[in-house]
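Written below as structure tokens is the structure these notes are about.
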Amino acid sequence: MAQFDPKNLKTIGVYASGGDAPGMNAAIRAVVRTAISQNLKVVGIVQGYTGFLEKKFIPMDLRSVANIVQRGGSILKAGRCVDFLQAEVRKTAVENVRAAGIGGLVCIGGDGSFTGANLLWQEHKMPIVGVPGTIDNDIFGTDHTIGFDTAVNTALDAIDRIRDTAASHDRLFIVEVMGRDSGFIAVAAGLAGGAEDIFIPEHPFQIEKTVDLIKRGVARGKMSSILVTAEGQKPGRAYDLADSIRKHSGYLATVCILGHIQRGGTPSASDRLLASRIGSGAVEKLIQGQCDIMVGTSGENLVAVELSQCLKQKKHVNRKLIELAQILSN
Ligand code: ADP
């Protein structure tokens, strides 16, 4: 595990990067207030890596994070910075950060943001600790990422509402949730929402099996069904599925794409707790001179995992949960 000398650590910087996720504000609050309680100064960097380049540095005090624990999004904004893929740009970024007196950083984001953070340590020995903040839950080394639980609950709320209509009109619905490369949201919301079948990018599916499942349900007297799909690489995948089902069975499915409503909203209790614990834990690690790690959770415990491991290894969806959804929706 990478170490640095924390003796001269007087000021830490905190930033959110990539897509926003509910609970990022609770994490920022935890970072700021833990650091100040340990006599450190805190600088907020606005708009992720863009803020490094444009020197969007704002001093944070205890009151600067008042009344944000319940707010979705990120008061420091988030976002993407394509230029950060260039080594020269990263060099300028670190020079700017050091000139502002910042001796360590907390990065709240997903695997793209962690890749940038990992490079800043490797290339310039800039100490950084990662806080997993993404609704997708697709980061290796932590049970959950900040924002996932809220996103699942938002999707679930939508599924519950759609079920009312599906049941009233004897319809088949396909609900598309977020998840380009990963099906964590689809599996959790699908199973909890009583979906008949769940489609995820990691798992090839046979439409014949799904059609068979629906047909058997109809034969048992089932009048309505809901299928849940992750968007995959091509948002709008639900329309392709509906088309395929129609061709294979003649059933007409109504498509509902949830889209960006899953990214915002009031963070759930679970996400606020997670963000508070991990945000605070990240500052503790910097104070101990540990860096190039992500702080996550394993069961009840906080864990530290090397960023390189988080980036190298893939976290897998538990596919048995899809089979369970199929059985339980009987
Ligand atoms: P997330 O952190 O949610 O996965 P992105 O993948 O969009 O979101 O990454 C956020 C930002 O992290 C990018 O806009 C870029 O500034 C930085 N980043 C991503 N990949 C790299 C990379 N390979 N090298 C350097 N910086 C990167």
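Keep in mind that the numbers below use all heavy atoms, side chains included, and drop hydrogens, waters and symmetry copies. Just so you know, ligand 1 is whichever comes first in the structure, and atom 1 is the first atom listed for that ligand.
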Legend entry - Which residue and heavy atom of the protein sit nearest atom 26 (N) of ligand 1, plus the separation: Gly116 CA, 3.6 Å

Inset, instruction - Report yes if the side chains of Leu286 and Leu40 come closer than 4.5 Å at any heavy-atom pair, otherwise no. - result: no

Inset, instruction - Determine whether the side chain, the backbone, both or neither of Phe84 has a heavy atom under 4.0 Å from any heavy atom of ligand 1. - result: both

Legend entry - Salt-bridge criterion met for Glu95 and Lys91 (N-O under 4.0 Å): yes

Legend entry - Identity of the nearest option to atom 11 (C) of ligand 1, non-hydrogen atoms only, from Ser17, Gly133, Gly48: Ser17

Legend entry - Side chain to side chain, Ile207 and Lys247, heavy atoms closer than 4.5 Å: no

Legend entry - Carboxylate-amine/guanidinium proximity below 4.0 Å for Arg246 and Asp243: yes

Legend entry - Non-hydrogen atom of Leu85 closer than 4.0 Å to ligand 1: yes

Inset, instruction - Measure the distance from atom 5 (P) of ligand 1 to every protein heavy atom, then report the residue, atom name and distance (to 0.1 Å) of the closest one. - result: Arg80 NE, 3.7 Å

Inset, instruction - Enumerate the atoms of ligand 1 whose separation from the nearest heavy atom of Gly110 is less than 4.0 angstrom. - result: 1 (P), 2 (O), 3 (O), 4 (O)

Legend entry - Which residue and heavy atom of the protein sit nearest atom 2 (O) of ligand 1, plus the separation: Ser113 OG, 2.5 Å

Inset, instruction - Classify the contact between Asp83 and ligand 1 as side chain, backbone, both or neither, using a heavy-atom distance cut-off of under 4.0 Å. - result: neither

Legend entry - Per-atom contacts of ligand 1 with Tyr49, taking only distances under 4.0 Å to non-hydrogen atoms: 12 (O), 16 (O), 17 (C)

Inset, instruction - Give the ring-plane orientation class for Phe148 versus His144, where under 30° counts as parallel, over 60° as perpendicular and anything between as tilted. - result: parallel

Legend entry - Sub-3.5 Å N/O-N/O distance, Asp111 and ligand 1: yes

Inset, instruction - Give yes or no for whether the N/O distance cutoff of 3.5 Å, strictly under, is met between Gly112 and ligand 1. - result: yes

Inset, instruction - Ignoring hydrogens and angles, state whether a donor on the side chain of Asn330 or Glu196 is under 3.5 Å from an acceptor on the partner side chain. - result: no

Inset, instruction - Look at the aromatic rings of Phe205 and Phe199 and report parallel, tilted or perpendicular, splitting at 30° and 60°. - result: perpendicular

Legend entry - Protein residue, atom and distance nearest to atom 8 (O) of ligand 1, heavy-atom basis: Gly18 CA, 3.3 Å

Legend entry - Asp149 versus Ser268, side-chain donor and acceptor atoms under 3.5 Å: yes

Legend entry - Sidechain N-carboxylate O distance under 4.0 Å for Asp61, Arg63: no

Inset, instruction - Could I get the full list of salt bridge (charged side-chain N to carboxylate O under 4.0 Å, His left out) partners for Arg277, not counting sequence neighbours? - result: none

Legend entry - Close N or O approach (Thr115, ligand 1; < 3.5 Å): no

Inset, instruction - Any atoms of ligand 1 less than 4.0 Å from a non-hydrogen atom of Cys81? List them with their elements. - result: 13 (C), 14 (O), 15 (C), 16 (O)

Inset, instruction - Give the atoms of ligand 1, by number and element, whose distance to some non-hydrogen atom of Gly19 is under 4.0 Å. - result: 3 (O)

Legend entry - Sub-4.0 Å atoms of ligand 1 with respect to non-hydrogen atoms of Leu119: 24 (N), 25 (C)

